[in-house]
Amino acid sequence: MRLHFLLALPTLLSVAHACGGHVYATTSTSYTRRSTPGSLGKTVIEDVRVFNGLRMSAPRTVVIDQELISDSGDTEGATQTISGTGLFLIPGLIDSHVHVADFPNFSGHENLTSYGISTAMHMACHNYTICAMHKGVPGLTNILTAGVPAVGPGSAHSKTFPSQLVYPNSNPVELVDWTLGNGSDYYKITAEPNGPTQELQNAIVANLQTRGKQSMTHASTMLGYYQALASKTNGIQHIPDNGRLTKAMIQQILAQGQYVTPTMTIFYEAHVENPAVLQFLRGSTDPGNSTYMDVIKNVKALHAAGVPLLAGTDAVGALTPNVTIPFGLTLHQELQHLVYEVGMSAAEALNSATRVAAKYHGLEDRGVVKKGKRADLLLLRNDPLFDIANTLNIEKFWIGGREYTGPLKIA
Ligand SMILES: [Zn+2]
């Protein structure tokens with residue numbers, strides 16, 4: 001059966017002009033995954049150096065018991081023992097901004113897993129049945145999802161999903177009820193010209209906060225940032241490429257306890273790497289007043305001020321023959337942007353994709369290599385603190401205690 005499927009385009013970064021509607025066609029309706037789920041057991045990794053958020057430890061033992069990390073002395077009854085001599089263990093990586101769960105198959109999801117991504121935040125769900133299919137899959141990346149995003153009529157994003165709009169008189173309580181009632185973990189707001197009114201954004205954020213749920217706001221321009229600051233949304237997605245954040249704005253982000261997922265990767269693709277991406281996002285290869293230098297300077301300023309930065313990519317897979325934002329690989333590239341361009345230390349960059357991401361998403365069960373936490377573990381052949389690009393030298397990978405059995409680094 002040929003299945004025409006709307007891609008999560010509206011939540012892909014849009015700058016001044018987002019492209020119009022896009023229909024993604026696929027012949028695959030198979031829900032079959034490529035790899036078989038690894039089995040649970042007790043795995044002992046001996047003599048491995050472990051990343052503790054600051055540096056690599058002296059060689060030690062790490063024990064995986066079923067889904068969790070156990071006490072290092074708890075080796076009795078091990079079903080497998082692995083020598084970690086010369087190897088490096090870090091927490092599984094968290095991509096805080098992807099669009100992977102709108103596909104009615106596991107291809108992109110499995111690509112994500114193959115690169116050591118143990119958790120991914122799916123930033124817009126347009127089909128709750130398909131999203132549910134991707135959640136809690138044993139041995140694959142753990143997916144959390146936003147619902148249908150709040151998109152305003154007449155906005156750039158509305159051109160793709162005209163039937164899923166919020167109006168100035170929309171009831172924020174009903175919107176949040178519907179979204180959370182469909183299994184969404186958090187709520188996404190798209191701040192842009194003709195987007196949801198400031199009043200509605202504020203009301204949605206406030207309502208979510210009373211329920212202990214997070215809001216995340218798409219803001220790829222200065223205007224979007226002003227709105228995301230005014231609403232006090234939890235997580236600001238993207239970074240302005242059309243101006244510089246002021247000191248006052250950055251101080252407000254800090255004072256309000258907000259975090260930022262800058263997604264440098266998608267801006268780099270658009271402005272530096274592939275004019276087809278810029279064409280796709282803006283409908284033109286003319287960047288107008290937007291530049292990649294604004295992206296770098298803004299992320300640098302946030303980092304210097306101590307704003308929590310989360311690694312995210314906006315990966316969507318293959319959109320057109322000329323536009324592909326691959327799953328998995330891009331998270332490693334994001335870490336490289338954060339180190340090579342922003343000036344983060346390698347440890348800070350790793351934290352942005354592990355413990356910092358887990359903390360700000362309220363995922364207290366993961367993000368660190370510690371007894372009692374989920375056994376999301378990435379075993380590397382080379383030290384990522386020596387060169388952050390070494391995160392790509394993957395030896396083995398476990399998600400929730402299950403070793404990933406498929407080929408690593410599927411593109
Ligand atoms: Zn996005």
Side-chain angles (χ1 to χ4, degrees), residues 31-51 56-57 59-95 98 100 106-120 134-144 327-329 331-332 350 353-354 358 363 365-384 390-411:
Y31 287 9
T32 309
R33 51 189 281 188
R34 287 189 294 249
S35 66
T36 51
S39 55
L40 292 172
K42 185 183 263 192
T43 297
V44 177
I45 310 170
E46 295 178 330
D47 296 318
V48 69
R49 299 186 65 191
V50 179
F51 178 59
M56 289 293 170
S57 72
R60 51 167 279 209
T61 298
V62 173
V63 178
I64 301 170
D65 191 2
Q66 303 296 311
E67 295 95 345
L68 303 179
I69 298 168
S70 185
D71 191 281
S72 59
D74 177 26
T75 59
E76 206 174 306
T79 49
Q80 182 183 208
T81 300
I82 293 169
S83 170
T85 302
L87 302 177
F88 302 86
L89 195 66
I90 66 172
L93 299 171
I94 300 171
D95 188 333
V98 296
V100 71
F106 282 106
S107 174
H109 190 161
E110 194 136 355
N111 289 4
L112 198 61
T113 311
S114 76
Y115 274 89
I117 315 301
S118 52
T119 301
H134 285 275
K135 297 176 82 164
V137 183
L140 290 187
T141 306
N142 191 230
I143 306 284
L144 289 95
F327 296 111
L329 172 64
L331 196 270
H332 298 265
L350 286 181
T354 55
L363 304 171
D365 60 345
R366 67 195 74 183
V368 293
V369 183
K370 199 172 170 186
K371 180 186 172 185
K373 301 294 183 183
R374 271 175 62 102
D376 295 337
L377 296 165
L378 191 55
L379 188 61
L380 302 174
R381 298 186 194 116
N382 303 91
D383 188 351
N390 285 337
T391 56
L392 281 163
N393 296 325
I394 300 169
E395 174 75 15
K396 284 180 183 294
F397 177 42
W398 293 265
I399 314 108
R402 297 177 192 270
E403 184 176 348
Y404 179 61
T405 60
L408 293 164
K409 294 194 285 186
I410 307 167

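What you are looking at is a predicted structure, and each value in this text was computed from that prediction instead of being measured.
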Practice problem: State, to 0.1 Å, how close Ala78 and Thr81 come at their nearest heavy-atom pair, and which atoms those are. | Solution: CB-OG1, 4.3 Å

Exercise. Return the minimal non-hydrogen interatomic distance between Ser114 and Pro407, and the atom names on each side.
Key: CB-O, 3.5 Å

Self-check item: From CA spacing to verdict: side chain to side chain donor-acceptor pair (under 3.5 Å), Ser35, Glu110
Solution: CA-CA 8 Å; Ser35 66; Glu110 194 136 355; 2.6 Å; yes

Quiz item: What are the two closest heavy atoms between Phe51 and Pro91, and how far apart are they?
Solution: CD2-CD, 4.2 Å

Exercise. Test side-chain contact (heavy atoms from CB on, under 4.5 Å) on Ile117 and Thr119 and set out the steps.
Key: CA-CA 6 Å; Ile117 315 301; Thr119 301; 6.0 Å; no

Quiz prompt | Gap between atom CZ of Phe327 and atom OG of Ser107 - 0.5 Å precision | solution = 8.5 Å

Quiz item: Where the side chain of Lys409 meets the backbone of Leu392, is there a donor-acceptor pair that is under 3.5 Å apart?
Solution: yes

Quiz prompt | Atom pair CE/CD1 of Met56 and Ile90 - distance to nearest 0.5 Å | solution = 7.0 Å

Quiz item: Once you round to the nearest 0.5 Å, how far does CD of Glu46 lie from OG1 of Thr75?
Solution: 8.0 Å

Self-check item: Non-hydrogen side-chain atoms of Ile64 and Gln80 separated by less than 4.5 Å
Solution: no

Practice problem: Quick one: pull up OG1 in Thr391 and OH in Tyr115 and give me the separation to the nearest 0.5 Å. | Solution: 11.0 Å

Quiz item: Is Thr113 reaching over with its side chain to a backbone N or O of Thr141, donor-acceptor style, under 3.5 angstrom?
Solution: yes

Exercise. Please confirm whether the backbone N or O of Val137 pairs with a side-chain atom of His109, one donor and one acceptor, at under 3.5 Å?
Key: no

Practice problem: Spell out, as yes or no, whether a donor-acceptor pair under 3.5 Å connects the side chain of Lys373 to the backbone of Gly367. | Solution: no

Quiz item: Looking only at heavy atoms, which two atoms of Asp65 and Ser70 are closest? And how far apart?
Solution: CB-CB, 3.8 Å

Quiz prompt | Asn142 vs Arg366 side-chain heavy atoms within contact, under 4.5 Å | solution = yes

Quiz item: Judged by atom type as modelled, is there a donor-acceptor pair below 3.5 Å linking the side chain of Thr405 to the main-chain atoms of Thr36?
Solution: yes

Practice problem: Check the pair Leu363, Arg374 against side-chain contact (heavy atoms from CB on, under 4.5 Å), reporting the backbone distance first and the verdict last. | Solution: CA-CA 10 Å; Leu363 304 171; Arg374 271 175 62 102; over 6 Å; no

Practice problem: Identify the two heavy atoms, one from Pro384 and one from Phe88, that lie closest to each other, and give their separation to 0.1 Å. | Solution: CD-CB, 4.3 Å

Self-check item: Side-chain touch Val100/His134, heavy atoms, less than 4.5 angstrom
Solution: no

Quiz prompt | Heavy atoms of other groups near Lys370 NZ, more than 12 under 6.0 Å | solution = no

Quiz item: Nearest heavy-atom pair of Leu408 and Glu395: which atoms, and what distance?
Solution: CD1-O, 3.7 Å

Quiz item: Can any side-chain N or O of Asp376 pair as donor or acceptor with the backbone N or O of Ile399 at less than 3.5 Å?
Solution: no

Self-check item: Nearest-0.5 Å distance, CZ of residue Phe397 to CG of residue Leu379
Solution: 11.5 Å

Quiz item: Okay, side chain of Arg381, backbone of Ile394: is any donor-acceptor separation there less than 3.5 Å?
Solution: yes

Quiz item: In Å, rounded to the nearest 0.5 Å, how long is the span from CG of Leu331 to CG of Leu93?
Solution: 5.5 Å

Quiz item: So Lys396 and Leu87, side-chain contact (heavy atoms from CB on, under 4.5 Å) or not? Walk me through it.
Solution: CA-CA 10 Å; Lys396 284 180 183 294; Leu87 302 177; over 6 Å; no

Exercise. Return yes if some donor-acceptor pair links the side-chain N/O of Arg49 with the main-chain N/O of Ser57 below 3.5 Å, else return no.
Key: yes

Quiz item: Hey, which of Ile69, Thr354, Val48 is the one that makes side chain to side chain contact (heavy atoms under 4.5 Å, CB included) with Val369?
Solution: Ile69

